[in-house]
Amino acid sequence: MKLNVATVALACPVEVGYDEAMPLLSKTVKAMEAQGITCENTGVVMHDYETVRQAAEKLKSTDADVLMICIATWSEDHHLLDLLSYVDMPLILRAYPAFDTGSLCCAHQISAVFRDIGKTCEFVYGDADDPACVKEIKTIATAYALKNSMSKTIVGAIGGRVKGMTEIAYDEFAIKQKLGSRVVNLDEEELTAKVNAISDEEAKALLEEKKDMLKGCKITSTNESMLESMKFYKAMKDLAKEYELQALSVKCYTKYMGKVCLGYSLLAEEGIVGSCEGDVTNALTMKLMYDLSGKPINNTDLLFPDEKANTIMYAHCGSSGFSIAEGEIELAPVRLMERGVCSKFVVKPGKVTAVNICGHGDEFRLSFMVGDAIPCGMEFPGNPVKIKYEKPVSQINKEIMKYGIGHHWMVAYGDFSEELKYFCKINNICVYEI
């Protein structure tokens, strides 16, 4: 995920350190850019109304996710208030250690003013090139970048949700309020009409187009099922283009079970996530984690805690992107129904974060747990992942029940604990770190 931070300095001409304000701003930016953060540096030191206007003009055209105010010295706080009247962006107040500049005093002063006017901000304190400060800025910027990305996300709910899974009933108002995303509710006939309009010849051409990706896969599904799966893949891709969707959720169980799985796997490699069983909220969870990790997300059920090994086995039918596979990929009929095409493989080992979002209104909640995916076999026909935890899995099991978290877990590669906590903080989402 691209992180973009705009920067402007704040300083007072009569204070110690004013002459060093611009070099301090440049040093701060350089340290951030060295860690992969894109910076839109205004190159302005605000100290009067004219410099405030200069900064505002440069910031009006920015697409930065957050604005960092580099406080070089004590300064009159109204300069920042004036800036916000032109450009009201999420803020990081960046203060620096010194005995005589008043940088920290100014930050404290501004925080008091912000409290009284109801303006929130983030705060980072330390030397310009302090790695811990850069890491903290990166976490904050990621949270705001996620907020912006999710606010532009549209998810297609095709056919509603699976009956008997009341837990996954989605609250469109909470989704819009907490995540900023929008749901497009589509009748399943929109999908099937597109599927039926695709000829076998077109499906064969699609298979040929994907031959490099499918090369090396062990195919145990019928040719008829392969062609049907390619039709569903194209139909879902066309719907995503038509409605500008970044995420899909199909009520697959049981009518379309096995028919959309391969399509999901292929779309995952193209940046479009797809969740099972009509779970719209977890389609958005997948999008959130895809933005964080940059890799396909494994859509799973939590199946079996092994208290002796302190591991938990997660799996679903098999619809994850090929790029997280470890070893052979089998394109096989779905379990229980013995039809369609699932992408069956075990996944790569590594640090992972498992995430669930569920709930409604003020009970909208995000839960996550971080562990290590370890090697496992095809212990469940699909995309099994066995995760080892430091916390006893018996305790994890009880906490899931205590907080009413549910059974769908989206597994992403990487540890995103801090980013998720910040994201929940700025979006007023209840968060449980399991």
Side-chain angles (χ1 to χ4, degrees), residues 155-163 184 186-243 245 247-279 283 286 296 298-299 315-323 325 328-345 378 380-383:
V155 57
I158 301 175
R161 68 167 176 86
V162 169
K163 67 177 181 179
V184 175
L186 303 173
D187 195 277
E188 65 184 49
E189 275 74 19
E190 282 202 63
L191 175 64
T192 55
K194 288 186 179 295
V195 170
N196 294 334
I198 301 169
S199 68
D200 285 351
E201 291 305 312
E202 287 178 281
K204 289 176 184 176
L206 277 172
L207 267 177
E208 178 65 19
E209 182 183 309
K210 297 295 180 183
K211 67 178 182 180
D212 288 342
M213 182 177 290
L214 301 179
K215 182 175 62 177
C217 293
K218 177 183 177 182
I219 301 176
T220 55
S221 288
T222 65
N223 186 61
E224 182 182 16
S225 291
M226 290 292 293
L227 293 179
E228 182 184 42
S229 291
M230 296 309 294
K231 292 178 182 180
F232 272 93
Y233 158 68
K234 186 176 189 307
M236 291 189 291
K237 186 172 181 176
D238 287 349
L239 283 174
K241 182 178 181 180
E242 181 179 346
Y243 290 100
L245 309 174
L248 292 165
S249 181
V250 178
K251 186 178 71 174
C252 53
Y253 185 88
T254 57
K255 189 174 181 181
Y256 301 108
M257 188 174 170
K259 297 177 183 287
V260 300
C261 300
L262 178 58
Y264 272 3
S265 294
L266 297 175
L267 289 171
E269 298 297 339
E270 299 172 23
I272 300 172
V273 300
S275 70
C276 307
E277 300 168 336
D279 193 339
M286 294 181 80
N298 196 355
N299 185 338
H316 223 258
C317 303
S319 61
S320 297
F322 292 174
S323 58
E328 183 182 69
I329 298 170
E330 181 183 0
L331 304 182
V334 68
R335 64 182 290 272
L336 303 180
M337 306 297 284
E338 292 303 317
R339 70 182 186 200
V341 185
C342 287
S343 305
K344 291 172 55 180
F345 55 81
M378 188 57 67
F380 183 96
N383 304 135

Only counting residues at least two apart or in another chain, list the ones meeting salt bridge (Lys or Arg N to Asp or Glu O under 4.0 Å) with Glu277. none
So do Lys259 and Cys252 actually touch side chain to side chain, heavy atoms under 4.5 Å? no
Please assess Asn299 against Ser275 for the test side chain to side chain donor-acceptor pair (under 3.5 Å), listing each intermediate value before the final yes or no. CA-CA 7 Å; Asn299 185 338; Ser275 70; 4.9 Å; no
Does Ser229 have any side chain to side chain contact (heavy atoms under 4.5 Å, CB included) partners at least two apart in sequence or in another chain, and if so, which? Leu262, Val341
Of the non-hydrogen atoms in Ser320 and Asn298, which two are nearest, and what is the gap between them? OG-OD1, 2.9 Å
Smallest separation among heavy atoms of Pro333 and Ser221, with atom names: N-OG, 3.2 Å
Contacts of Glu330 that satisfy side chain to side chain contact (heavy atoms under 4.5 Å, CB included) - sequence neighbours left out: Lys218, Thr220, Ala332, Lys344
Starting from the C-alpha separation in whole Å, work towards a yes-or-no answer on side-chain contact (heavy atoms from CB on, under 4.5 Å) for Lys231 and Leu206. CA-CA 9 Å; Lys231 292 178 182 180; Leu206 277 172; over 6 Å; no
State whether the number of non-hydrogen atoms from other residues, nucleotides or ligands found under 6.0 Å of Glu224 atom CD is greater than 12. no
In chain order, what residues pass the side chain to side chain donor-acceptor pair (under 3.5 Å) check against Lys210, with sequence neighbours excluded? Tyr233, Glu270
Which heavy atom of Met236 sits nearest a heavy atom of Tyr264, and at what distance? SD-CE1, 3.7 Å
Under the salt bridge (Lys or Arg N to Asp or Glu O under 4.0 Å) test, which residues partner Lys211, sequence neighbours left out? Glu208
Results of side chain to side chain donor-acceptor pair (under 3.5 Å) for Glu242 - residues two or more places apart only: Lys194
Using side-chain heavy atoms (C-beta onward) and a distance below 4.5 Å, is Ile272 in contact with Leu245? no
Looking at Asn383 and Ser319, would you say the former's side chain and the latter's main chain have a donor-acceptor pair under 3.5 Å? yes
Met378 side, atom CE; Glu328 side, atom CD - distance, nearest 0.5 Å: 9.0 Å
For Ala235 and Leu191, the nearest pair of non-hydrogen atoms, with its separation, is CB-CD1, 3.7 Å
Within a reach of under 6.0 Å around NZ of Lys234, are more than 12 heavy atoms found that belong to other residues, nucleotides or ligands? no
What are the two closest non-hydrogen atoms of Ser323 and Glu269, and how far apart are they? N-OE2, 2.8 Å
Checking side-chain contact (heavy atoms from CB on, under 4.5 Å) for the pair Leu248/Ile158: CA distance, chi angles, key distance, verdict? CA-CA 7 Å; Leu248 292 165; Ile158 301 175; 4.1 Å; yes
Please name all residues satisfying side chain to side chain donor-acceptor pair (under 3.5 Å) with Tyr256, sequence neighbours left out, ordered by chain then number. Glu188
Determine, stepwise, if the pair Lys251 / Lys163 fulfils side-chain contact (heavy atoms from CB on, under 4.5 Å). CA-CA 9 Å; Lys251 186 178 71 174; Lys163 67 177 181 179; over 6 Å; no
List for me each residue that meets side chain to side chain donor-acceptor pair (under 3.5 Å) alongside Thr222, sequence neighbours excluded, and say none if there are none. Ser225
Looking at side-chain heavy atoms only, is the closest gap between Phe322 and Ser265 below 4.5 Å? yes
Contacts of Arg335 that satisfy side chain to side chain contact (heavy atoms under 4.5 Å, CB included) - sequence neighbours left out: Phe380, Pro381
With a 3.5 Å distance limit and no angle check, can you tell me whether Glu202 reaches the backbone of Ser199 through a side-chain donor-acceptor pair? yes
Tell me, please, which residues at least two apart from Ile219 pass side chain to side chain contact (heavy atoms under 4.5 Å, CB included). Met226, Leu331
Side chains of Arg161 and Asp279, heavy atoms from C-beta outward: is any pair under 4.5 Å? no
For Glu201, what residues pass the salt bridge (Lys or Arg N to Asp or Glu O under 4.0 Å) criterion, not counting sequence neighbours? Lys204
I'd like to check the salt bridge (Lys or Arg N to Asp or Glu O under 4.0 Å) partners of Glu190; sequence neighbours left out, ordered by chain and number. none
Straight-line distance of Leu186 CG to Ser249 OG, nearest 0.5 Å: 11.0 Å
